[in-house]
Amino acid sequence: MPLVPPYIESLRPYEAGRSIEEVRREYGLTQVIKVASNENPIGPSPLALDRMRRAIDTLHLYPNGGLDLRRELARQYDVRVENVIAGSGSEGIMSTIIRAFLCDEDEVLTTESAFIGFQVLAKSRGVTYRTVPYKNWHYDLEALAREVNDHTKIIYLANPNNPTGTIFTRQEFDRFYAHVPERVLIILDEAYFEYAKDNPRYPDSMHYRYDNVITLRTFSKVYGLAGARIGYGFAHQELIANLLKVKLPFEPSTLAQAAGIGALADKEFLHRSLELNARGIRFLSEALRGMGHEIPPSDANFVMLPLGSEQEAKQLTERLLRQGIIVRHLAAFGLPQAIRISTGTDEENQLLVSALA
Ligand SMILES: Cc1ncc(COP(=O)(O)O)c(C=O)c1O
């Protein structure tokens, strides 16, 4: 038996976007902007920071496994604390789900080029990972339903989806759901929920709870807390109870939990971030379409730009880097011909469009 299992040996590690500092050094630039990782361009929520500062004095004590945040989420969403989990980002919870529920013979089913974080986590478990192609850059839920077999254990759906930015509607989901056996766990990843929630076509999964669906959300995006690592999930109490058995006992950290509680109260910051993003999406979408590009409609904080070839996408990424603009080439996702551009501040969006033009 080899020390490293073949499915780990062949795994491509998660490649995060490049950092501002790294690009500044490598290209000898003074000003670099990063519109590559779907982060909030105006920084972290101030109320989250206040709350973190207040929590610092208690760092000699172990945290309580996210209980305070779970209570606050249960109160705000009118569910029981037994229906809520908190973790080190939504990826932390994904990792717990994978450890808690997958057996060797199980299969994971999702779309092609799904969110890279999920791809890496699922493949690291060594189970069969199956995908169906996009239909016009949207999930093909009908095809996904047809692909369910006796081994399917987890179906992963991100709504809005990363990297396409597209959504599926409640009607589409309901039709799909009717074909999924109850023994299959559906992960509904709503990392970009806040950006999409005002679109009347977007289904907020908290309005339709099913026993085999777990909703995942995060403070990493609109609340500007990607570095704090704090996310949460809602599900049937039995699912949550089993996840809590497997979760790292002290996850999330004291500071991460404090950040989440502070952020939930920061309505002003949420509103400001959403307004900026809506302007950014409009501006970037119109500018790119004006240049003759066909881009999928985005309900998130980024747009995907499909290009003619891998070569073209690579070259464009490199040329923008040389001008101090970091975008995400989607090769690692499995879309080598495309790049993804997050919304920045108004000035950053202007800079990006000028550079592209
Ligand atoms: C669809 C999706 N889910 C989850 C995440 C990760 O969120 P977190 O920072 O909470 O782990 C991301 C981040 O890019 C994402 O795009």
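Read the numbers this way: they start at 1 and go in the same order the structure lists the ligands and their atoms. From a predicted model like this one, the values you see are computed outputs, not experimental measurements.
For residues 293-325, the pairs satisfying ring pair (Phe, Tyr, Trp, His ring centres under 6.0 Å) are Tyr192-Phe302, with sequence neighbours left out.
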Which donor-acceptor pairs under 3.5 Å do the side chains of residues 320-336 make with protein atoms, sequence neighbours left out?
{"from": "Arg328", "atom 1": "NH1", "to": "Glu15", "atom 2": "O", "distance (Å)": "3.2"}
{"from": "Arg328", "atom 1": "NH2", "to": "Glu15", "atom 2": "O", "distance (Å)": "2.7"}
{"from": "His329", "atom 1": "NE2", "to": "Pro336", "atom 2": "O", "distance (Å)": "2.7"}

Contacts table for residues 83-91: side-chain donor-acceptor under 3.5 angstrom, sequence neighbours left out:
{"from": "Asn83", "atom 1": "OD1", "to": "Arg80", "atom 2": "N", "distance (Å)": "3.3"}
{"from": "Asn83", "atom 1": "ND2", "to": "Ala235", "atom 2": "O", "distance (Å)": "3.0"}
{"from": "Ser88", "atom 1": "OG", "to": "Glu251", "atom 2": "OE2", "distance (Å)": "3.4"}

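The backbone N or O of Val246 lies less than 3.5 Å from a partner atom in the side chain of Arg99, making a donor-acceptor pair. Between the Gln119 side chain and the Ala114 main chain, a donor and an acceptor come within less than 3.5 Å of each other.
The side-chain heavy atoms of Ile154 and Asp106, taken from C-beta on, include no pair separated by under 4.5 Å.
Residues of the protein with a heavy atom under 4.0 Å from ligand 1 are Gly89, Ser90, Glu91, Met94, Phe115, Tyr156, Asn162, Asp189, Ala191, Tyr192, Thr218, Ser220, Lys221, Arg229, listed by chain and number.
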